[in-house]
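Notes follow once the structure below has been shown.
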Amino acid sequence: MKEHLEELLAQSMLHLQREGVLPAESEIGIQLERTRSPEHGEFASNLAMVLAKDAGMPPRELAQAIIERTPKSRQVERMEVAGPGFINFYLQTCAFTGVIKDALRQRENYGQLVRVGLNRVTLEYVSANPTGPLHVGHGRGAAYGASLANILVAAGYEIQREYYVNDNGRQMDILAVCVWLRYLELCGEIISFPDNGYRGDYIYDIARLVRVEHGDKWRFTRLAVEEGLPLSPQAGGEGETYLDALIAKARELLGDEGYLVFFNTALNNILDDIKDDLADFGVVFDKWFSERDLEESGSVQHAIDRLGKNGYLYEKDGATWFKATELGDEKDRVVIRENGRTTYFASDIAYFLNKLERGFKRAVYIFGADHHGYVARLQAAARGLGEDPDRLEILLVQFAVLFRFGEKVAMSTRSGQFITLRELREEVSTDAARFFYVMRSHDQHLDFDLDLAKSRSNENPVFYIQYAHARICSVFRNLLDMDQRHNEAIGEVALDLLTQDHEFQLMRNISKFPETIDSAARLRAPHMLAHYLHSLATDLHSYYNAHQFLVEDENLRNARLNLVLATKMVLSKGLGILGVSAPEEM
RNA sequence: GCCCUCGUAGCUCAGCAGGAUAGAGCAAUCGCCUCCUAAGCGAUAGGUCACACGUUCGAAUCGUGUCGAGGGCGCCA
């Protein structure tokens with residue numbers, strides 16, 4: 001519909017240019033938007049106000065001229081000049097009812113947009129370090145990323161979902177060592193556990209697994225382990241130094257074989273847990289990308305070489321630095337440490353380059369807001385590699401704070417006092433969690449009300465929308481109970497009988513679905529879809545209360561059933577995109 | 001100190017490339033079930049869009065500054 005009206009306006013513009021009313025060279029972006037109220041018709045354009053200066057005539061006069069030259073359309077009832085120079089479009093009934101026909105004809109594909117050209121995009125989200133179970137902080141990124149991916153697919157992009165597994169860093173070494181310490185504890189060795197290590201109970205579980213498989217094979221006495229170690233943090237020593245010494249000690253005593261047993265058991269176990277957790281959350285990935293693979297394949301060196309070739313590297317203090325300041329970052333960054341190891345940042349650069357080299361036109365990253373410091377340096381890296389920085393897009397997701405009984409739920413990773421994503425799902429259901437996480441704009445802090453998410457009441461937007469869907473399903477069940485059938489063909493012919501305000505409002509809103517997908521995709525804003533679905537549910541509930549669908553008149557009945565069936569399909573598709581189920585009954 | 005995000009009804013938030021009278025939901029008040037699920041609907045009330053300048057036909061929206069909130073600034077990951 002929108003495209004149709006834009007085309008009409010474009011034709012009118014062409015006439016005006018030919019007549020010399022408008023300068024031929026003036027570049028015209030047709031701007032057409034939904035009106036806020038039906039008093040102003042369905043669509044409005046500010047064209048005349050924008051071009052008034054070029055044309056050298058008052059906006060209202062120009063608006064009138066545009067209207068006079070606009071080709072007739074059987075969908076348009078009339079056009080009017082309004083206010084300071086708006087052109088309002090009032091539509092024929094067939095323009096409304098046509099939406100129902102479209103929707104029913106396209107079924108599940110209604111709202112699926114087609115995009116021309118290559119649009120391969122890789123979308124990376126979650127990418128939590130596999131050092132422990134996902135917690136509620138990861139949940140928002142997961143829900144946001146998964147919903148956004150679905151929206152982009154609906155908007156016609158070819159999307160690849162990717163999780164970057166950081167299986168190569170110091171944190172992983174710390175994890176392996178912590179598992180070993182717990183293992184020794186299970187073997188009966190009394191060894192103090194550093195309070196800056198991973199203290200969660202899941203570490204015991206992994207240690208137990210090693211013990212089941214290997215018995216006491218990797219047991220060493222407390223004396224052997226602690227010999228030569230610096231002071232532990234509990235005893236007043238420096239925590240990080242202590243952990244590094246522990247890592248070195250573990251490698252020394254365990255050898256490569258033993259060390260890998262702990263390392264890999266921890267990694268695989270936690271990663272499997274994360275995969276299960278996300279799958280249960282409806283969050284899927286096409287690729288789990290390992291940082292170790294990245295390094296072993298030579299990609300990191302390849303990226304560093306590229307930076308060097310482009311003249312953005314220099315040596316200082318025995319390390320290799322990237323001249324990020326020349327490219328918009330606030331300070332230069334080390335890529336190869338004094339000890340010869342590459343930094344995490346070097347891997348990031350390599351990973352970005354790798355994505356482009358795999359053929360993606362654009363790499364989208366979803367980070368927690370605490371990573372916003374990465375934006376400038378990654379952009380600098382993109383430039384340093386000689387790539388267009390526009391191909392890198394970083395979306396920041398703000399934090400979510402849980403509230404229970406009106407009070408903030410205290411959480412701290414350090415004390416192990418965090419709520420896991422799994423616990424959240426079990427408490428409020430996956431449906432509620434998925435919806436609540438994305439119902440606010442991603443760049444907005446989120447207050448997550450656990451009690452509301454759990455409540456089965458009209459205050460809970462998830463139930464409100466699901467209930468609209470279930471209500472429609474219920475109507476169709478009642479129809480069957482009355483030994484009647486829905487005849488779509490009869491309904492389609494009788495659509496002109498839909499003349500109630502509630503019916504126009506519902507049709508209008510159904511027609512906004514594709515536009516909503518488009519906007520939500522363009523602005524990376526799943527919350528727009530969440531709000532849209534809520535408004536569609538409102539329209540359905542109002543309609544339901546105002547009018548009976550299952551009426552005697554066969555024509556009217558089937559027309560109304562066509563309308564609510566289209567509504568049901570949009571609700572179901574929209575909820576599906578957000579990862580929320582659309583129940584048949586509640 | 002420097003940087004990022006944000007500031008809209010009592011509360012939680014929308015406001016989609018600047019548009020017409022700033023919108024929802026909760027909470028408040030008043031109504032609606034012999035009627036397809038009341039997990040619903042209708043009505044009333046509620047605002048200096050943090051503040052000040054600027055850009056223009058027009059600013060909650062764009063720019064600058066001030067105030068306030070949260071976050072980030074390692075040869076950590």
Side-chain angles (χ1 to χ4, degrees), chain A residues 29 31 33-37 39-40 44-46 49-50 52-53 58-59 82-86 88 129 131 166 168-174 240 291 316-321 330-331 333-339 341-345 347 368-376 396 398-399 401 403 406 439-441 443-447 449 452 455-461 463-464 466-468 470-479 481-482 512 515-516 518-520 522-523 525 527-528 530-532 534-535 537-538 540-551 560 564 585-586:
Chain A
Q31 290 184 46
E33 58 184 18
R34 290 275 181 178
T35 59
R36 199 157 36 202
S37 131
E39 290 169 42
H40 298 131
S45 176
N46 59 359
M49 290 181 287
V50 175
K53 202 173 272 178
F86 288 104
N88 290 341
N129 285 350
T131 52
N166 185 235
N168 199 33
R170 176 167 171 270
Q171 292 303 320
M172 288 306 298
D173 287 321
I174 296 172
E240 301 307 317
E291 191 199 349
K316 193 182 92 180
D317 303 335
T320 303
W321 295 68
E330 48 187 36
K331 54 183 76 170
R333 311 284 175 180
V334 171
V335 288
I336 304 175
R337 283 182 270 232
E338 197 178 353
N339 65 13
R341 288 196 67 179
T342 54
T343 58
Y344 184 86
F345 180 48
S347 298
D370 54 335
H371 280 66
H372 74 69
Y374 279 74
V375 178
L396 298 176
Q398 296 290 329
F399 292 122
V401 181
F403 281 80
M439 73 179 175
R440 301 296 177 226
S441 172
D443 54 17
Q444 200 71 234
H445 293 261
L446 172 72
D447 285 353
D449 185 335
L452 179 60
S455 83
R456 321 186 110 250
S457 75
N458 54 345
E459 301 155 36
N460 185 337
F463 281 91
Y464 183 84
Q466 289 181 320
Y467 181 40
R471 257 189 163 167
I472 297 170
C473 294
S474 168
V475 167
F476 282 98
R477 279 194 301 272
N478 286 325
L479 183 72
D481 287 347
M482 293 158 70
K512 286 183 187 172
E515 294 164 33
T516 304
D518 186 51
S519 300
R522 219 175 51 240
L523 297 167
H527 76 277
M528 293 179 68
H531 282 270
Y532 168 78
H534 193 272
S535 77
T538 298
L540 186 277
H541 288 310
S542 296
Y543 181 34
Y544 182 94
N545 272 272
H547 301 284
Q548 187 86 11
F549 305 160
L550 301 179
V551 291
R560 286 184 168 171
V564 296
E585 62 187 312
M586 295 173 73

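Proteins come first, then strands; the chains are lettered A, B, ... in the order of their sequence lines, and each starts at number 1. Note that the structure is a prediction, hence the values are computed from the model and not measured.
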Closest nucleotide among [options] to the [X] side chain:
X	options	result
A:Glu330	B:G74, B:C3, B:A20	B:C3
A:His534	B:C4, B:C75, B:A24	B:A24
A:Ser542	B:G19, B:C41, B:G74	B:C41
A:Arg170	B:C76, B:A38, B:G23	B:C76

Item to check | Base B:A20 to side chain A:Asn88, donor-acceptor N/O within 3.5 Å cut-off | outcome: yes
Checklist entry - Would you say the side chain of A:Asn46 and the base of B:G19 hold a donor-acceptor pair, judged only by whether the two atoms sit under 3.5 Å apart? => result yes
Checklist entry - Can you tell me if the side-chain N/O atoms of A:Arg333 get under 4.0 Å from OP1 or OP2 in B:G74? => result no
Checklist entry - Within this structure, what is the CE-to-P distance between A:Met586 and B:A38, rounded to whole angstrom? => result 13 Å
Checklist outcome for this item: Separation of B:G70 atom C1' from A:Asp370 atom CG, nearest Å, is 12 Å
Next on the checklist: Under 4.0 Å, counting only non-hydrogen atoms across every strand here, what does A:Gln398 touch: a base, just sugar-phosphate, or nothing?
Outcome noted: sugar-phosphate
Checklist entry - For every nucleotide of nucleotides 6-17 of chain B, 5' to 3': is a protein heavy atom under 4.0 Å from its base (B), only from its sugar-phosphate (S), or from neither (-)? => result S-----BSSSBB
Next on the checklist: As a quick check of understanding, evaluate salt bridge (Lys or Arg N to Asp or Glu O under 4.0 Å) for A:Asp518 and A:Arg522, giving each step before the final call.
Outcome noted: CA-CA 6 Å; A:Asp518 186 51; A:Arg522 219 175 51 240; 3.2 Å; yes
Next on the checklist: Given 3.5 Å as the limit, does a donor-acceptor pair link the side chain of A:Ser519 with the main chain of A:Thr516, or not?
Outcome noted: no
Next on the checklist: Expected output check: what is the dot-bracket annotation of RNA chain B, where ( ) and [ ] are pairs inside the strand (brackets for crossing ones), | is paired with another strand, and pairs are Watson-Crick or G-U under 3.5 Å?
Outcome noted: (((((((..((((.....[...)))).(((((.......))))).....(((((..]....))))))))))))....
